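The block underneath contains the structure these notes are about, expressed in structure tokens.
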Amino acid sequence: MATFINEPSHTFNEYLLIPGYSSSECVPANVSLKTPLVKYKKGETPAITMNIPMVSAIMQSVSGDRLAVALAVEGGVAFIYGSQSIEDEAAMVSRAKNYKAGFVNSDSNIRPDATMADVVALKEKTGHSTVAVTDDGTANGKLLGIVTSRDYRVSRMDPATKVSEFMTPFDKLIVAEEGTTLKEANDIIWDHKLNSLPIISKEGKLCCMVFRKDYDSHKQNPNELLDASKRYVVGAGINTRDYAERVPALVEAGADVLCIDSSEGFSEWQKLTLEWIRAKYGDSVKVGAGNVVDAAGFRFLADCGADFIKVGIGGGSICITRETKGIGRGQATALIEVCKARDEYFKETGVYIPVCSDGGIVYDHHITLSLAMGADFVMLGRYFARFDESPSNKVSIGGTYYKEYWGEGSARARNWQRYDLGGDKKLSFEEGVDSYVPYAGSLKDNVAMSLAKVRSTMCNCGALTIPELQEKAVLTLVSATSIVEGGAHDVIQKEKSSAVK
């Protein structure tokens with residue numbers, strides 16, 4: 001006979017935090033949201049620690065290279081979607097990794113016999129206005145000059161004008177030799193009021209570039225999540241089918257962390273994938289796994305070697321897995337049970353495996369609730385899909401702007417690998433929908449507002465760190481009537497102006 005769990009599973013909406021004592025130290029400015037991304041042993045430091053507890057979902061409509069950069073600037077990690085060719089995903093990872101670094105490999109290069117039209121086309125392709133002119137048009141050719149937007153005017157020059165006629169030639173450039181430190185390079189930039197500084201070899205070949213904007217950006221964004229080479233930390237999704245080809249390509253492209261993208265992770269497919277990665281790379285490649293909704297699922301993936309474990313089945317706003325297959329669990333209940341198993345595993349083994357809450361978050365305060373319930377960070381899809389930086393189109397419907405948003409299990413994405421159970425290589429039925437979400441502007445502004453609420457609530461609970469919140473939090477179940485009571489009620493609300501919609 002089947003095993004029955006008679007207690008209903010609950011969602012975040014059915015819980016509230018009870019405020020605790022707040023000392024005068026408990027002000028939002030003192031709150032730290034640092035959190036481990038990957039597992040570590042007791043007494044050791046995690047290989048990757050995020051500055052905010054947010055990662056983006058492994059979805060076509062959410063996580064491209066633009067969003068990866070924007071989220072890393074704020075201190076989180078994007079997992080670039082894997083439901084594309086290996087070459088395309090690796091290229092996205094590479095673009096995000098090379099978008100900003102102390103020393104940047106030039107991706108905008110041209111030959112001196114090219115034309116102004118070629119320069120304009122290259123700028124449109126890369127988005128970069130500084131173009132290195134090399135003898136062979138490659139990133140490591142002999143440097144002959146530099147072209148910036150100040151060197152030409154589209155409205156007044158013939159598009160056929162040769163680059164050699166309007167570039168700033170080498171003898172008028174300020175350059176630095178290979179071996180120059182980043183501090184020395186930045187000092188040269190500031191002393192000579194430059195926007196960029198080419199680094200060249202003794203033979204005059206271009207090695208890389210250092211940009212003023214990168215220095216300014218870091219000063220303006222102290223939470224930036226950077227690797228040891230001062231490049232943005234970037235994640236990437238993999239599946240349980242082509243990992244032997246995809247993983248090496250993503251590692252070569254510079255991905256800092258991988259995650260198996262699957263709707264249900266309690267399977268031998270994930271075990272085989274993790275075993276292959278460990279056999280080939282040991283612990284040097286960090287990889288998360290999931291999704292699970294109970295202690296048994298957590299323990300299975302922990303024993304398989306996962307670096308973090310995702311919790312949640314069917315709770316995403318575009319997910320219809322529960323509706324079509326009848327599997328899943330209320331996100332709050334699933335998270336509480338898995339985090340308890342995580343703590344027991346830590347006591348038993350001395351290895352702490354971070355838990356990611358994936359799905360079920362509708363309001364900003366749900367992020368705080370998930371952290372209080374034990375999650376180390378949250379994975380968000382709909383939330384990030386609304387922003388300028390997501391890969392989907394912005395459309396106007398009835399005078400209001402929306403962004404397109406579709407699930408990986410929808411007919412549009414056709415990501416059969418995510419739902420694969422070892423059968424035919426196809427999506428037999430949909431487990432996701434195609435939809436729209438209200439356009440919300442830039443990632444930076446929205447993340448700042450959401451995390452301001454998280455910090456404020458943590459202060460109400462007397463906590464200045466996420467571990468302290470988990471230790472001090474007191475949560476209470478609420479009734480349906482209490483949920484109604486918690487919102488505006490028994491009043492006639494004034495209409496909100498269009499400016500704040």
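Since we're looking at a predicted model, the values are computed, not measured. Residue numbers run from 1 in the order of the sequence given.
A salt bridge does not link Asp303 to Lys271: none of the charged side-chain nitrogens sits closer than 4.0 Å to a carboxylate oxygen.
Here the straight-line distance linking atom OG of Ser22 with atom NZ of Lys472 works out to 8.5 Å at 0.5 Å rounding. One distance of note links SG of Cys259 with CD1 of Ile80; it measures 13.5 Å at 0.5 Å rounding. How far CG of Asn223 is from CG of Leu33: 8.5 Å, rounded to the nearest 0.5 Å. With rounding to the nearest 0.5 angstrom, the OG atom of Ser390 is 10.5 Å from the CE atom of Met59. For the atom pair Leu335 CG and Ser357 OG, the distance stands at 4.5 Å (nearest 0.5 Å). Asn105 contributes atom CG, which lies 12.5 Å from atom NZ of Lys97 (distance to the nearest 0.5 angstrom).
With hydrogens and angles left out, the side-chain atoms of Glu404 and Tyr436 include no donor and acceptor closer than 3.5 Å.
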side-chain contact (heavy atoms from CB on, under 4.5 Å) between Val234 and Val77: does it pass, once the steps are laid out? CA-CA 6 Å; Val234 178; Val77 174; over 6 Å; no

Just do the salt bridge (Lys or Arg N to Asp or Glu O under 4.0 Å) check on Asp376 and Arg342 with the steps written out, would you? CA-CA 11 Å; Asp376 296 278; Arg342 183 265 323 276; 2.8 Å; yes

Apply side-chain contact (heavy atoms from CB on, under 4.5 Å) to the pair Leu197 and Ile199, showing each step before the final yes or no. CA-CA 6 Å; Leu197 177 70; Ile199 307 296; 4.1 Å; yes

Set out, in order, the CA-CA distance, both residues' side-chain angles and the distance that settles salt bridge (Lys or Arg N to Asp or Glu O under 4.0 Å) for Glu337 and Arg329, then state yes or no. CA-CA 11 Å; Glu337 179 174 324; Arg329 199 176 196 184; 2.8 Å; yes

Please report the C-alpha distance between Lys347 and Asp343 in whole Å, then the side-chain angles of each, then the deciding distance to 0.1 Å, and finally whether the salt bridge (Lys or Arg N to Asp or Glu O under 4.0 Å) criterion is met. CA-CA 6 Å; Lys347 289 179 182 178; Asp343 293 344; over 6 Å; no

Pair Arg231-Asp256, salt bridge (Lys or Arg N to Asp or Glu O under 4.0 Å): steps then yes or no: CA-CA 10 Å; Arg231 300 180 301 172; Asp256 298 277; 5.8 Å; no

Please determine whether side-chain contact (heavy atoms from CB on, under 4.5 Å) holds for the pair Val362 and Asn13, giving the CA-CA distance in whole Å, both sets of side-chain angles, and the decisive distance to 0.1 Å. CA-CA 9 Å; Val362 180; Asn13 235 24; over 6 Å; no

Verify side-chain contact (heavy atoms from CB on, under 4.5 Å) between Ile86 and Asp88, making sure each step is shown before the conclusion. CA-CA 6 Å; Ile86 295 172; Asp88 287 347; over 6 Å; no

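For residues 243-262, the pairs satisfying ring pair (Phe, Tyr, Trp, His ring centres under 6.0 Å) are Tyr243-Trp276, with sequence neighbours left out. The list of ring pair (Phe, Tyr, Trp, His ring centres under 6.0 Å) pairs with a residue in residues 53-90, not counting sequence neighbours, reads Phe79-Phe308. Pairs engaging residues 29-47 under the side-chain hydrogen bond (donor to acceptor under 3.5 Å, both in side chains) rule: Lys34-Asn51 [sequence neighbours left out].
Under a cut-off of 6.0 angstrom, the local environment of CD in Glu178 is sparse, with at most 12 non-hydrogen atoms contributed by other residues, nucleotides or ligands. For Lys394, the NZ atom counts as densely surrounded, since its 6.0 Å shell holds more than 12 non-hydrogen atoms of other residues, nucleotides or ligands. For Phe346, the CZ atom counts as densely surrounded, since its 6.0 Å shell holds more than 12 non-hydrogen atoms of other residues, nucleotides or ligands.
Residues satisfying the side chain to side chain contact (heavy atoms under 4.5 Å, CB included) criterion with Thr457, sequence neighbours excluded, are Leu17, Thr368. Not counting sequence neighbours, the partners of His365 by the ring pair (Phe, Tyr, Trp, His ring centres under 6.0 Å) test are Tyr363.
The cationic group of Lys403 does not satisfy the cation-pi geometry with Tyr439, failing either the under 6.0 Å distance to the six-membered ring centre or the 45° limit from the ring axis.
In terms of modelled atom types and a separation under 3.5 Å, the side chain of Glu177 and the main chain of Ser201 share no donor-acceptor contact. In terms of modelled atom types and a separation under 3.5 Å, the side chain of Asp242 and the main chain of Asn239 share no donor-acceptor contact. Put simply, the side chain of Gln60 never gets that close to the backbone of Gln84: no donor and acceptor are under 3.5 Å apart. Checked by atom type and distance alone, the side chain of His192 never pairs as donor or acceptor with a backbone atom of Ile188 at under 3.5 Å.
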Per-pair distances, 0.1 Å, donor-acceptor, side chain in residues 442-451, under 3.5 Å, sequence neighbours excluded:
residue, atom, partner, partner atom, Å
Ser442, OG, Asp445, N, 3.3
Ser442, OG, Asp445, OD2, 3.2
Lys444, NZ, Glu74, OE2, 3.1
Lys444, NZ, Asn221, OD1, 2.6
Asn446, ND2, Ala440, O, 2.9
Asn446, ND2, Ser442, O, 2.8
Ser450, OG, Asp364, OD1, 3.0
Ser450, OG, Asp364, OD2, 3.3
Ser450, OG, Tyr383, OH, 2.7
Ser450, OG, Asn446, O, 3.1

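A tilted orientation is assigned to the rings of Phe266 and Phe300, their planes being inclined by 30° to 60°.
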